[in-house]
Amino acid sequence: MCWQFISHFTLFASFNKPGRRVSYLRFKLGQLLQRMWFLPAAFSLAAVLTVVVAYVLARFAPDELPFVLPSNAVQSILQILASSLLTVAVFALSTVVGAFSAASSATTPRAVPLIAGDLQAQTSISVFIGAFLYSIVGIIGLSAGLYSDAGRLFLFVMTIGVLVLVVTSLIRWIGHISAIGRVGHTIGVVETATRRSLLSMSEHPLLDCRRLEGDAEGEPISAARPGYVQHCDARAIQKLAEEHELTVAVLARPGTYATPVRALMRVQGQVDEELRDALLDCFVLGDQRAYDTDPRFGFIVLGEIADKAMSASINDPGTAIVVIDTVTRLLLEWEDETKSGENDRVLVAPLLPRDVLEDFYRPIARDGAHIIEVVARMLKSLETVAACKPGFADAAIAVARDLVRRAEKAMEADSDLAAMRRAAHWIDS
């Protein structure tokens, strides 16, 4: 755990370059906070420091205290905490592991990282582990005779505070375990992550760059190894472009699968090997896509949840309908990328509405075309999107027509076909 923290710190330091540090560190810090080990490690460190603070404060206490506590008064409370909190922490961790398994089997494995990054669950577990470590260190200090009368008094006050924190966290945890890992909770977590990504995109359309019109020109630059683009530091690219009189067209937005044969960008201007490496350093590639910078990934994961709900093993079209309603809400919050940003030497193409809609609707249309309830709800969803979001209208009609063709081949009952055609009346109207 400590080694992982040191490696992350070293990685941050290696990117200590002007114009690149802030954006990269913010992205990596966000990923670090979602690691399951980070908060428990932080709380454990805080627990040890709390015991040390009690020892230090005792040196500044007056010689005469209003009352004196015997050492066993504090030690008995710490022993109760130490003997019980380890069991509570193990139980909490086993509950989270069970939630991972349930979410993976009932929804999709791509949603598990979001559950692992649930701050409420992490905070509760961290409090239990931190309080356990606080109790152990406190008992060791009392047994070794490190605390004076004033030190025991300060330690007692802090122990009462820790006890209140533990009880509060336990009550919150009891309420949380009733939902964590359930299908509805997982859908809500993915919806929240997708909404955050949409909000980020609306605040920084086109990555704060100029809109790319037509085909990109210039020398192609590709990644040395394959991977998903998780982060693109457009501000750092802008600074490099200003220094070397370049125009850079970014072809791989976050979420794109980059390979050595597919260009990450095209550059107009003189590019040497050192500059090429500096431009490539502005991209962060990983083995998986990231929710924070990739709104399409959220729609893909929601589509996987809906698609899996219609499988023969689960057979739950109701969940698919809930997910369709969720995506309808998210699509209505989509802000078209029409505003160019401050990075005038960097060009970025907007996300295509057809790609966004196909990410979600196509898998459900493929596997749910025979279920009239699901098809009707998808048609209503697409009708709403087409009417409320003009930029998506043509794509929504095209996706709806594809859905109708699939349904006509899959449905056998005439009544289902009639209901489907009634729901699709808006396509050609």
Side-chain angles (χ1 to χ4, degrees), residues 36 91 93-118 121 176-194 228 255 257 287-289 291 294 296-331 356-382 399-400 402-417 419-420 423:
M36 195 69 187
F91 168 73
L93 286 171
S94 64
T95 303
V96 172
V97 172
F100 293 168
S101 178
S104 180
S105 60
T107 56
T108 171
R110 260 65 62 189
V112 172
L114 291 177
I115 299 176
D118 186 349
H176 193 57
I177 59 175
S178 62
I180 188 171
R182 303 290 180 89
V183 173
H185 174 264
T186 305
I187 294 172
V189 168
V190 178
E191 179 184 6
T192 300
T194 307
Y228 289 101
Y257 186 69
D287 296 332
Q288 298 178 350
R289 299 174 73 163
Y291 287 91
D294 182 10
R296 286 181 59 184
F297 186 44
F299 290 107
I300 290 173
V301 173
L302 287 169
E304 290 180 354
I305 295 174
D307 193 31
K308 194 167 188 176
M310 294 183 297
S311 64
S313 59
I314 297 179
N315 190 23
D316 183 16
T319 293
I321 292 174
V322 170
V323 176
I324 293 169
D325 294 341
T326 300
V327 168
T328 304
R329 290 194 299 270
L330 291 172
L331 288 173
V356 176
L357 295 183
E358 287 184 347
D359 285 340
F360 174 73
Y361 290 100
R362 183 163 56 187
I364 308 175
R366 180 189 63 235
D367 298 324
H370 61 290
I371 306 175
I372 179 57
E373 294 82 5
V374 173
V375 171
R377 187 56 62 94
M378 279 197 292
L379 288 170
K380 292 177 182 178
S381 172
L382 290 166
V399 172
D402 179 70
L403 172 60
V404 169
R405 287 193 292 269
R406 292 175 185 269
E408 287 176 341
K409 294 181 179 180
M411 292 181 183
E412 298 179 355
D414 293 337
S415 58
D416 288 350
L417 287 169
M420 183 270 296

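Residues: numbered from 1 along the sequence shown.
Of all the heavy atoms in Ser105 and Ile314, the pair that sits closest is O-CD1, 4.2 Å. The minimum heavy-atom distance between Ala306 and Ile364, with the atom names listed, is CB-CD1, 3.6 Å. In terms of heavy-atom proximity, Met310 sits nearest to Gly368 at SD-CA, 3.7 Å. A pairwise comparison of heavy atoms in Val190 and Gly298 identifies CG1-O, 3.9 Å as the closest pair. The two residues Leu403 and Ala365 have their closest heavy-atom pair at CD1-CB, 3.6 Å. Counting all heavy atoms, side chain and backbone alike, Ala320 lies closest to Val374 at CB-CG2, 4.4 Å.
Side-chain contact between Ile372 and Met411: present, with at least one pair of heavy atoms (C-beta onward) separated by less than 4.5 Å. Between Lys308 and Thr319, the closest side-chain pair of non-hydrogen atoms is not below 4.5 Å.
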Tell me, with the steps shown, if Val404 and Leu379 meet side-chain contact (heavy atoms from CB on, under 4.5 Å). CA-CA 9 Å; Val404 169; Leu379 288 170; 4.2 Å; yes
Evaluate the criterion side-chain contact (heavy atoms from CB on, under 4.5 Å) for residue pair Ile324 and Lys380; output intermediate values, then yes/no. CA-CA 10 Å; Ile324 293 169; Lys380 292 177 182 178; over 6 Å; no
Which is it for Ile187 and Thr107 under the side-chain contact (heavy atoms from CB on, under 4.5 Å) test, yes or no, and what are the steps along the way? CA-CA 8 Å; Ile187 294 172; Thr107 56; 5.5 Å; no
Give the C-alpha distance, both sets of side-chain angles, the deciding distance and a yes or no for side-chain contact (heavy atoms from CB on, under 4.5 Å) between Leu357 and Leu331. CA-CA 9 Å; Leu357 295 183; Leu331 288 173; 3.7 Å; yes
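Under the rule for a side-chain hydrogen bond (donor to acceptor under 3.5 Å, both in side chains), Tyr291 has no partner lying at least two apart in sequence or in another chain. Applying the side-chain hydrogen bond (donor to acceptor under 3.5 Å, both in side chains) rule to Arg329 yields the partners Glu191, Thr326; only residues at least two apart in sequence or on another chain are considered. A search for side-chain hydrogen bond (donor to acceptor under 3.5 Å, both in side chains) contacts involving Ser94 returns nothing, not counting sequence neighbours. Scanning for ring pair (Phe, Tyr, Trp, His ring centres under 6.0 Å) contacts around Tyr257 gives Tyr228, with sequence neighbours left out. Residues passing the side-chain hydrogen bond (donor to acceptor under 3.5 Å, both in side chains) test with Ser381, sequence neighbours excluded: Thr328, Tyr361.
For the atom pair Ile300 CD1 and Glu358 CD, the distance stands at 11.5 Å (nearest 0.5 Å). One distance of note links CD1 of Ile180 with CD1 of Ile177; it measures 9.5 Å at 0.5 Å rounding. Put simply, CZ on Arg110 and OG1 on Thr186 are 13.5 Å apart, with the number rounded to the nearest 0.5 Å.
Within a 6.0 Å sphere centred on CD of Glu408, other residues, nucleotides and ligands contribute more than 12 heavy atoms. For CZ of Arg182, the number of neighbouring non-hydrogen atoms (other residues, nucleotides, ligands) closer than 6.0 Å is 12 at most.
Evaluation of the salt bridge (Lys or Arg N to Asp or Glu O under 4.0 Å) test over residues 313-328, restricted to residues two or more places apart or in two chains, returns Asp325-Arg377.
Distance alone, capped at 3.5 Å, places no donor-acceptor pair between the Ser104 side chain and the Ser101 backbone.
Salt bridge status for Arg362 with Asp402: absent, with no side-chain N to carboxylate O gap under 4.0 Å.
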